[in-house]
Amino acid sequence: MEDDELIRKELSRFLTYEGYEAVCIEKFENDFQTAESILQETPDLVLLDVSLPGCDGLFICDELRSRSDVPIIFVTGNNTSLDELNCMMRGGDDFIAKPYQLPVLLAHIRAVLRRSGKEKQSSTVQHYKGVTLDLASGMIEKGDKKQILTRNELVILYELFQDQGKIVSRTKLIDRLWDNEIFIDDNTLSVNITRIRAKLDEIGAEDFIETRRGLGYMI
């Protein structure tokens, strides 16, 4: 729950890279409807800002607490000791003030999930056809062979692993990599795919990525 679009996108990308599925709420109509939108996603954890357009994070927390025990971390620019106390007294499980470092926020997330018993130890590891994608270490593995991935290569492979056996469009991959920046050359994606294939060949996973001409890629 973050109304700043740039922060929202950055945080969503970061959490995705770390192996989590991030859902962003982008409409802030009123406290009840916003809380309802959150609950419909059946989240394992909620990151909640306090100052939101059209509604109040504290009242959203009240609404969530009346219907769910989902862990809530307040992530807010209201960073006095009184603000922190108020957030915790209203039902928050943790509090982190802006600006924050993403690794610090990640540590808070993991700690709260661990305390709530909802941490998924395997969330950062994906398997398919004998190939393992380790998001935490940024590596691709098969047997005893490993290759280190760049940021872009990791994002591309993560998207392909998320849709195993399905075609992932070039447009979707470009959107995930560069937020659809119009100045990015489409050929850059092809270059990244070629590099990934070379690394897959090195670990003995030839032909792991299939090109579906005019549609995209699939594993």
Side-chain angles (χ1 to χ4, degrees), residues 1-121 123-124 135-136 151 154-155 158-159 162 172 174-181:
M1 288 291 300
E2 169 61 60
D3 61 304
D4 186 304
E5 184 178 3
L6 291 177
I7 295 176
R8 188 168 64 234
K9 286 184 176 181
E10 179 188 36
L11 185 53
S12 177
R13 287 196 301 267
F14 175 75
L15 291 173
T16 299
Y17 302 155
E18 292 296 332
Y20 297 99
E21 181 180 356
V23 177
C24 299
I25 304 297
E26 300 180 4
K27 293 183 179 180
F28 313 98
E29 301 174 51
N30 61 56
D31 302 326
F32 176 80
Q33 291 180 353
T34 302
E36 183 65 28
S37 297
I38 294 172
L39 292 173
Q40 286 177 358
E41 299 293 341
T42 60
D44 292 315
L45 181 141
V46 176
L47 298 178
L48 181 59
D49 198 353
V50 174
S51 300
L52 296 164
C55 51
D56 186 308
L58 293 172
F59 288 110
I60 292 172
C61 182
D62 290 342
E63 188 62 36
L64 291 175
R65 277 290 163 264
S66 70
R67 304 161 61 187
S68 171
D69 63 352
V70 60
I72 298 171
I73 298 179
F74 279 99
V75 184
T76 174
N78 302 340
N79 55 10
T80 69
S81 297
L82 183 58
D83 290 318
E84 180 175 1
L85 177 62
N86 196 19
C87 288
M88 302 301 284
M89 292 295 291
R90 295 289 281 269
D93 294 271
D94 202 352
F95 177 98
I96 185 166
K98 298 177 182 177
Y100 53 81
Q101 296 294 321
L102 287 172
V104 174
L105 177 60
L106 180 63
H108 281 255
I109 290 171
R110 287 175 172 167
V112 171
L113 287 174
R114 187 164 54 249
R115 290 199 300 268
S116 67
K118 295 184 178 182
E119 184 180 37
K120 297 176 176 60
Q121 297 296 332
S123 63
T124 62
L135 297 168
R151 170 193 172 277
L154 185 63
V155 174
Y158 175 79
E159 290 298 326
Q162 286 296 101
K172 180 179 180 180
I174 290 172
D175 285 346
R176 295 299 288 172
L177 285 169
W178 301 291
D179 290 330
N180 208 23
E181 298 281 1

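These numbers come from the heavy atoms of this one structure, side chains and all, not from hydrogens, waters or symmetry mates.
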From CG (Asp83) to SG (Cys87), nearest 0.5 Å: 6.5 Å
Mark yes when over 12 heavy atoms from residues, nucleotides or ligands other than Gln162 sit less than 6.0 Å from its CD; otherwise mark no. yes
Calculate, to the nearest 0.5 Å, the distance between atoms CE and SG belonging to Met88 and Cys61 respectively. 10.0 Å
How long is the span from the CD1 atom in Ile60 to the CG atom in Leu52, to the nearest 0.5 Å? 5.0 Å
With distance as the sole test, does Arg65 use its side chain to make a donor-acceptor pair with the main-chain N or O of Val70 at under 3.5 Å? yes
Side-chain (Thr16) to main-chain (Ser12) donor-acceptor, under 3.5 angstrom: yes
A side-chain contact here means heavy atoms from C-beta on lying under 4.5 Å apart; do Leu48 and Val75 qualify? no
Can you name the nearest heavy-atom pair linking Tyr20 to Tyr158, along with the distance? O-OH, 3.7 Å
Between Asn86 and Val50, is there a side-chain heavy-atom distance shorter than 4.5 Å? no
Would you be so kind as to tabulate the donor-acceptor pairs closer than 3.5 Å made by side chains of residues 99-108, with sequence neighbours excluded?
residue : atom : partner : partner atom : Å
His108  : ND1  : Asp94   : OD2          : 2.7

Would the distance check show the side chain of Ser116 and the main-chain N or O of Val112 forming a donor-acceptor pair, the cut-off being under 3.5 Å? yes
Find the distance between CE (Met1) and CD (Glu26) and round it off to the nearest 0.5 Å. 10.5 Å
Name all pairs fulfilling the salt bridge (Lys or Arg N to Asp or Glu O under 4.0 Å) condition that reach into residues 97-109, sequence neighbours left out, sorted by first residue then second. Glu2-Lys98, Asp49-Lys98
For a quick test of reading the model, state the closest non-hydrogen atom pair linking Leu39 to Ser68 and the distance between them. CD2-CB, 3.7 Å
With heavy-atom distances below 4.5 Å as the criterion, would you say the side chains of Ile96 and Leu47 are in contact? no
List the atom of Phe95, the atom of Asn78, and the distance in Å for their closest heavy-atom pair. CZ-O, 3.2 Å
Nearest 0.5 Å please: distance from the OG atom of Ser51 over to the CG atom of Leu58. 8.5 Å
Partner residues of Glu10 under the side chain to side chain donor-acceptor pair (under 3.5 Å) criterion, sequence neighbours left out: none
Could you grab the distance from atom CG of Leu64 to atom CD of Glu36, nearest 0.5 Å is fine? 10.0 Å
